[in-house]
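Here's the structure, in structure tokens; my notes come after.
For clarity, every value in this text was computed on a predicted model and none was experimentally measured.
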Amino acid sequence: MKVITNLIRDRWIPVQYDDGTTDTIAPWEITRDHATTPITTITTPRPDFDGSLFQFLIGLCQTVLPPEDDEDWRELLFNPPEPAELRSAFEPIADAFNLYGSGPRFMQEVGLEDGSTWPVDNLLIDMPEVSKISGNTDWFIKRGGISGLCPSCTATALYTLQVSAPAGGRGHMTSMRGGGPMTTLVLGPTLWQTVWANVIVSDDAESPATARDTGRFPWMGPVRTSRGKKVTTPADGHPDQVFWGMPRRILLDDVDDHQGTCDLCGCDTDRLTTTYQAKPYGVQYTGWVHPLSPYYPKDASGTELLPLHPQPGGITYQNWLGMVINDPRAGSVVARNVTHFARHNRPGRVRDVFAPNGGKPRLWAFGYDLKNKKARCYYQGTMPIISVGGDWQAEFEDLAAGMVKAAEEMARNVRWCVKVALFDNPADAKGDVSVITARFYQATEGAFYRHLERAAATSNNEDAAAIRRAWYQLLRDTADHLFDDYSQINEISVIDARRAVNARRLLRNPFSKSNKKTRGYLGIPDPKKQKKGEKKE
């Protein structure tokens, strides 16, 4: 591999073209052959690297090519700049993107030579913690697998850590969005269209970026550390710093002639990175809102928003609410890039290109499920973007919210009833029954989106009521099926038959607390009240 020193000018991003061929490009080449054989995606050895490089490219374009208005945004979406134009646009900030050298370095703090020395694998979020290694409990992801990285993988690992940093011990700050934030990106048919679809119209379009702009690139001057509990608010930097935050104080060890093989991508390089220096008290961000992440209210007042993070169980339609449309009940709001795209997500040029043959544009959600310093899992998934506007929007969002909440309650109910069927003391029963929840969502996911597509195509309250009733019946049928599978009710010889039958009655009881809550979320009348109303008539 050719030595990489500058992340704007040099070729270091692995990509795949529409015809399946692969190559390595510089950022300014993302529109290469766009009219004939466009680049479609990024192909690194790791999914978290893929997501980070998409954010890197979005950040570049937001920083140097912020659209002035919707018309400007639409024009570049379908008529991208030529590579030479992008090269000229990126050049004014290129000197802020040197990976090595004696001057300022990309997302690093020069002058940390007296810091603690760390092996390079500690740049990877999912590697075992020091405590696990010292206690010999790194059972699943073993130590020693990564001892050297090429410049491309080093740069990507560094960026990934800075934008998703988990808690790292005293003074080692989390990222601007906390540890392992959820990122949501609109997916386009080409790499350029995915990148540009997630750039938003900016009020700072007339404020050109330069390499010496410390408000955007904090490593280009004295780093604003958090020593003395100093925090960095939006008033202390430029809005673009959301893409270039520095919660960690890191300096890569720079060895000009260190040949070897990268343990991640397998390429040979003349500049293998094996260690880096680090110090505590990186930048501590507070009050920033990242345009690529959904947020939810910290408390009932709703005055402070917190970024959403992946949770155990993965990304399903349970997450659709708050990531594709706002959740009016919980107060959560979708990412600004998704809101921006939704304005253009209507029949016509944009939707036809992003979702040919009558399909729906798709949202890609990804991030680490972290518990303090520990990476429990990396989740990613896609889901359709279904949105409406006008007078029907509030009703549509309320319908979607009710459907999701009803599914959550029914999934919880079937888990409990299975425990009632199997155990004398279900509240004290141990064991993981999350597989029931996973199967519940898998079984109902397709119908969820079909019902919402039907709802989006109408503004009729009678149709909405029919959708609510159909969804409720599907939830009940799915719960029955899963209960039969996991309660072993059909294996009378091996279970307590009376207990199992009573548990099934509880599941089906329309007047149980759980079933009342489920109907309440959907606005379906209580059967008793409905019968009384019919008698009066």
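- The CG atom of Asp480 sits 11.0 Å away from the CG atom of Leu475 when rounded to the nearest 0.5 Å.
- Taking Thr382 as the reference, Arg362 meet the side-chain hydrogen bond (donor to acceptor under 3.5 Å, both in side chains) condition, with sequence neighbours excluded.
- Counted within 6.0 Å of CZ on Arg508, heavy atoms from surrounding residues, nucleotides or ligands total more than 12; the atom is thus considered enclosed.
- For Asp477, the side-chain hydrogen bond (donor to acceptor under 3.5 Å, both in side chains) test picks out Gln473, with sequence neighbours left out.
- For Asn515, the side chain to side chain contact (heavy atoms under 4.5 Å, CB included) partners at least two apart in sequence or on another chain are Met410, Asn413, Tyr472, Ser512, Arg519.
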For residues 179-192, run the donor-acceptor check on the side chains, cut-off 3.5 Å, and write out each pair with its distance to 0.1 Å, sequence neighbours left out.
{"unit_1": "Thr183", "atom_1": "OG1", "unit_2": "Arg177", "atom_2": "NH1", "d": "3.1"}
{"unit_1": "Thr184", "atom_1": "OG1", "unit_2": "Leu292", "atom_2": "O", "d": "3.4"}
{"unit_1": "Thr190", "atom_1": "OG1", "unit_2": "His34", "atom_2": "NE2", "d": "3.0"}
{"unit_1": "Thr190", "atom_1": "OG1", "unit_2": "Gln193", "atom_2": "N", "d": "3.1"}
{"unit_1": "Thr190", "atom_1": "OG1", "unit_2": "Gln193", "atom_2": "OE1", "d": "3.3"}
{"unit_1": "Trp192", "atom_1": "NE1", "unit_2": "Leu76", "atom_2": "O", "d": "2.9"}

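- Atom CG of Asn326 is separated from atom CG of Leu321 by 8.5 Å, given to the nearest 0.5 angstrom.
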(Q) What verdict does the side-chain hydrogen bond (donor to acceptor under 3.5 Å, both in side chains) test give for Ser487 and Arg504, after you've listed the backbone C-alpha separation in whole Å, the side-chain angles of each residue and the deciding distance to 0.1 Å? (A) CA-CA 9 Å; Ser487 69; Arg504 200 176 200 285; over 6 Å; no
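- Pairs passing the ring-ring contact (aromatic ring centres under 6.0 Å, His included) check and including a residue from residues 288-313, sequence neighbours excluded, read Phe243-His290, Tyr285-Trp288.
- For residues 160-190, the set of pairs meeting the ring-ring contact (aromatic ring centres under 6.0 Å, His included) definition, not counting sequence neighbours, is empty.
- Checking side-chain atoms of Glu304 against main-chain N and O of Pro297 turns up no donor-acceptor pair under 3.5 Å.
- In terms of the side-chain hydrogen bond (donor to acceptor under 3.5 Å, both in side chains) criterion, residue partners of Asp50 (sequence neighbours excluded) are, by chain and number, Thr44.
- In terms of the side-chain hydrogen bond (donor to acceptor under 3.5 Å, both in side chains) criterion, Arg469 has no residue partners (sequence neighbours excluded).
- To the nearest 0.5 Å, atom OG of residue Ser434 and atom CZ of residue Arg439 are 13.0 Å apart.
- The stretch residues 156-166 participates, sequence neighbours left out, in these side chain to side chain donor-acceptor pair (under 3.5 Å) pairs: Ser52-Thr160.
- Between Pro166 and Leu370, the closest heavy-atom pair is CB-CD1, 3.5 Å.
- Applying the ring-ring contact (aromatic ring centres under 6.0 Å, His included) criterion to Phe448, with sequence neighbours excluded, gives Tyr317, Trp320, Trp471.
- The backbone N or O of Gly282 sits nowhere less than 3.5 Å from a side-chain atom of Arg249 that would complete a donor-acceptor pair.
- Between the CG atom in Leu482 and the SG atom in Cys417 there is a gap of 12.0 Å [rounded to 0.5 Å].
- Here the side chains of Phe341 and Asn198 are not in contact, with every heavy-atom distance at 4.5 Å or above.
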Check residues 392-406 and write down every donor-acceptor pair under 3.5 Å in which the side-chain atom is one partner and the other belongs to a residue at least two apart or another chain.
{"unit_1": "Trp392", "atom_1": "NE1", "unit_2": "Ala455", "atom_2": "O", "d": "2.9"}
{"unit_1": "Trp392", "atom_1": "NE1", "unit_2": "Thr458", "atom_2": "O", "d": "2.8"}
{"unit_1": "Gln393", "atom_1": "NE2", "unit_2": "Glu397", "atom_2": "OE2", "d": "3.1"}
{"unit_1": "Glu395", "atom_1": "OE2", "unit_2": "Arg468", "atom_2": "NH2", "d": "3.1"}
{"unit_1": "Asp398", "atom_1": "OD1", "unit_2": "Arg329", "atom_2": "NH2", "d": "3.3"}

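- Remark: Ala157 pairs with Phe49, Leu123, Leu124, Leu149 by the side chain to side chain contact (heavy atoms under 4.5 Å, CB included) rule, at least two apart or across chains.
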